[in-house]
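Taking it in order: structure first as structure tokens, then the write-up.
Naming convention: chains lettered A, B, ... in sequence-line order (proteins, then strands); numbering from 1 in each chain.
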2 protein chains.
Amino acid sequence: MTVDRSSPGSRRAPTIRDVAQRAGVSKSLVSMVLRSEPGVSPERRTAVLQAVSQLGYEPNRLARALAGNGTGAVGILINDLRNPWYVELLDGISTAFEPAGVAPLIVDSATNQRVGRSSIQILMRQRVDAIIALGTSGEEAGLTTLSARTPVVLAGTYDPASIDADVVVGDDVAGARLATEHLIALGHRRIAYLRGPELVGELREQGYREAITDAGLVDMIVADEAGAMEESGYASARRVLEAIVRPTGIVAYNDLTAIGALSAAQDLGLSCPDDVSVVGYDDTYIAGIGRLSLSSVRNGTFDIGAMAATFALERIGGFDGTGRLHRVPSSVVARRTSGPAPL
Amino acid sequence: MTVDRSSPGSRRAPTIRDVAQRAGVSKSLVSMVLRSEPGVSPERRTAVLQAVSQLGYEPNRLARALAGNGTGAVGILINDLRNPWYVELLDGISTAFEPAGVAPLIVDSATNQRVGRSSIQILMRQRVDAIIALGTSGEEAGLTTLSARTPVVLAGTYDPASIDADVVVGDDVAGARLATEHLIALGHRRIAYLRGPELVGELREQGYREAITDAGLVDMIVADEAGAMEESGYASARRVLEAIVRPTGIVAYNDLTAIGALSAAQDLGLSCPDDVSVVGYDDTYIAGIGRLSLSSVRNGTFDIGAMAATFALERIGGFDGTGRLHRVPSSVVARRTSGPAPL
DNA sequence: CTGTTAGCGCTTTCAA
DNA sequence: TTGAAAGCGCTAACAG
């Protein structure tokens with residue numbers, strides 16, 4: 001007595017064989033229909049399709065992948081879910097993946113490292129077809145060796161060790177420059193930069209320096225190491241604001257460090273924006289929180305995600321050119337943490 | 001001429017066959033060693049292990065899964081990555097999964113629904129061994145039918161339609177009660193509750209009502225529908241704060257609605273906590289942001305995640321009992337948004 | 001204790 | 001056009 005797999009209610013998931021049997025054709029014919037290959041008679045095609053829907057058949061991606069066709073999943077390597085920047089980036093990615101039927105599999109690097117695991121390994125074990133690394137994960141080394149086997153796309157960060165990968169970033173130099181110019185236009189002359197990690201941090205610093213120099217404020221430059229999180233931003237802002245010559249404006253590496261700077265100002269009895277103006281970076285949803293209302297640099301985050309996904313898709317599709325670089329423009333969003341310089 | 005798969009540098013990933021060949025044993029012997037089955041001589045075992053490490057062999061989970069042993073991945077269904085509550089929950093989950101070698105695959109329901117896809121289907125296509133649904137995803141219907149085939153664990157939400165699933169939650173009644181009592185202890189007598197969605201919202205309301213009643217404040221009860229996000233919290237808080245009899249204390253459904261309430265108070269020219277105290281729920285990292293410093297209810301979020309993961313693991317391991325319910329205790333974290341009632 | 005054999009569900013030659 | 005057969009990498013049942 002064999003198990004009945006032909007009725008929808010049966011326990012076992014229907015296989016391609018069940019479909020074939022029900023449609024009165026062979027396995028491979030079904031396969032061809034499913035992959036919409038040409039050369040199948042219309043009658044048989046509809047017969048198959050009908051059987052598929054009657055059975056509620058779902059092709060088993062595992063088997064498909066094993067037979068050599070990829071898993072239809074792309075790994076998304078995030079370094080810390082806490083950074084709200086990712087939310088919108090993921091939105092962009094998902095949107096671009098949707099028509100292709102590719103599923104994003106998110107893995108959080110910070111959490112995994114805490115439990116002593118390699119996110120990249122997790123993703124490879126799942127046999128993802130490509131990996132999109134978001135921001136700086138601290139697992140770059142793994143990516144370098146990986147990129148030979150699996151397409152890698154870097155989003156919002158640069159290739160730290162000449163990985164052969166596509167790169168999608170915001171225009172960090174221009175964005176930081178805009179933020180700084182925004183403050184300069186408001187009359188600020190002492191402006192500090194809270195520097196973030198990696199090349200992105202440096203590029204933003206460069207934009208900041210350019211704006212400062214162009215405005216003839218050269219010797220007012222203060223750049224302090226501020227990391228990428230709230231706590232480090234707080235510490236850095238405190239140092240800067242307690243200096244002999246206190247800046248009236250702060251350009252922060254990202255929104256989180258900016259939030260930290262806000263707290264630091266508050267703790268020092270400085271009001272914002274009356275005593276000190278703060279501009280963040282990335283324009284995450286946190287910046288928009290009414291109570292915070294943080295001025296920030298809009299980064300085209302959604303577009304970065306979408307473009308990264310597109311690159312990944314192309315690589316999966318077989319594109320084999322050299323690593324590409326795509327840069328998305330930035331703009332400033334003025335909210336309530338930036339105002340005219342105090343007299 | 002066949003491809004050389006025995007040297008580490010070769011393009012193709014080594015298979016169990018390569019290992020067997022190199023160790024001079026049979027495929028199945030290797031398989032046994034890898035799954036640490038008993039009954040293998042020590043010499044052969046070490047030989048196999050050596051070959052494995054020399055080749056850098058990684059078992060192909062796809063093949064393993066196809067052969068009937070699960071994918072070693074469990075799907076994490078999140079309804080909106082924007083809610084910081086998930087961050088810590090995921091931390092708890094990952095921690096519990098680590099020793100078992102199980103990988104969490106995160107899927108964001110909000111994003112998928114936006115692009116018209118079912119998160120559950122994505123997860124099932126990946127053939128996850130179990131699904132942990134976090135909070136209220138709006139995809140409950142799918143879970144109901146699913147739970148017959150794949151273990152489902154609900155975390156931070158209750159079974160809306162008698163799904164046969166394990167459930168892990170915070171003690172919502174007690175938590176809301178604590179929050180309300182915290183305000184009462186501070187002298188507040190007019191306290192409003194910003195109600196959230198679903199059963200969780202109701203349970204928190206219940207805790208709130210109990211505390212109010214116990215304190216003999218019965219007719220001061222104001223419960224307003226406030227959703228789960230900042231915007232809806234803002235709208236709700238405005239309604240409540242513009243009423244003839246303005247409350248001096250607000251218990252919010254979660255931190256996000258509380259943040260919205262903070263903004264509403266601010267926009268109405270009310271200072272917090274001098275004019276109105278606000279208590280959030282979940283004690284997410286957002287509550288801890290210095291500028292916000294939101295009093296909140298700590299929910300044992302990490303523990304909820306860990307327990308949910310444990311349940312999932314047990315189900316995967318074959319546990320087949322009826323749906324279990326685990327409740328994690330709550331406590332209040334007083335920060336700067338709650339203070340003595342105004343005179 | 002060890003090796004052989006037969007699938008898991010799918011794709012992919014290759015004949016018919 | 002269609003169908004049969006081989007095989008992806010692994011596990012499991014069985015015989016040596």
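Remark: Arg44(A) pairs with no residue by the side chain to side chain donor-acceptor pair (under 3.5 Å) rule, at least two apart or across chains. By the side-chain contact (heavy atoms from CB on, under 4.5 Å) test, Ala308(A) is found to be paired with Ile132(A), Val153(A), Ala155(A), Val168(A), residues two or more places apart in sequence or in another chain being considered. By the side-chain contact (heavy atoms from CB on, under 4.5 Å) test, Ser28(A) pairs with Ser26(A), sequence neighbours left out. For Gln50(B), the side-chain contact (heavy atoms from CB on, under 4.5 Å) criterion is met by Gln54(B), not counting sequence neighbours. Remark: Arg315(B) engages Asp166(B) in a salt bridge (Lys or Arg N to Asp or Glu O under 4.0 Å) (not counting sequence neighbours). Ala130(B) pairs by the side-chain contact (heavy atoms from CB on, under 4.5 Å) definition with Val74(B), Pro151(B), Ala312(B), Ile316(B), not counting sequence neighbours. Remark: Asp108(B) engages Thr111(B) in a side chain to side chain donor-acceptor pair (under 3.5 Å) (not counting sequence neighbours).
Close to dG9(D), at under 4.0 Å from its OP1 or OP2, lies no side-chain N or O of Arg61(B).
In this structure, CD1 of Ile16(A) is placed 19 Å from P of dG7(D), rounded to the nearest angstrom. Between Lys27(B) atom NZ and dA12(D) atom C1' there is a gap of 11 Å when expressed in whole angstrom units. Between the P atom of dT12(C) and the CZ atom of Arg64(A) lies a distance of 9 Å, rounded to the nearest Å. The CG atom of Leu66(B) sits 6 Å away from the C1' atom of dG9(C) (whole-angstrom rounding). Atom CG in Asn60(A) sits roughly 12 Å away from atom P in dC8(C) (whole-Å rounding). What separates CG of Leu62(B) from C1' of dC8(C) is a distance of 12 Å, to the nearest Å.
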Please enumerate all protein N or O atoms sitting under 3.5 Å from an N or O of nucleotides 14-16 of chain D, with distances to 0.1 Å.
none

Below 3.5 Å is the cut-off: list the nitrogen or oxygen pairs between protein and nucleotides 13-16 of chain C, distance only.
none

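One end of the helix from dC1(C)-dG16(D) to dA16(C)-dT1(D) points its axis 50° away from the other end's axis, with each axis taken from 5 pairs and the angle rounded to 10°.
Within a heavy-atom distance below 4.0 Å of DNA chain D, no residue of residues 30-38 of chain A is found.
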Could you pull out every donor-acceptor pair under 3.5 Å between side chains of residues 93-100 of chain B and any protein atom, sequence neighbours left out?
| unit_1 | atom_1 | unit_2 | atom_2 | d |
| --- | --- | --- | --- | --- |
| Ser94(B) | OG | Leu90(B) | O | 2.9 |
| Thr95(B) | OG1 | Arg114(A) | NH2 | 2.9 |
| Thr95(B) | OG1 | Asp91(B) | O | 2.7 |

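DNA chain D is contacted by both Ser41(A) and Tyr57(B); Ser41(A) maps to the nucleotide lying nearer its 5′ end (nearest heavy atom per residue).
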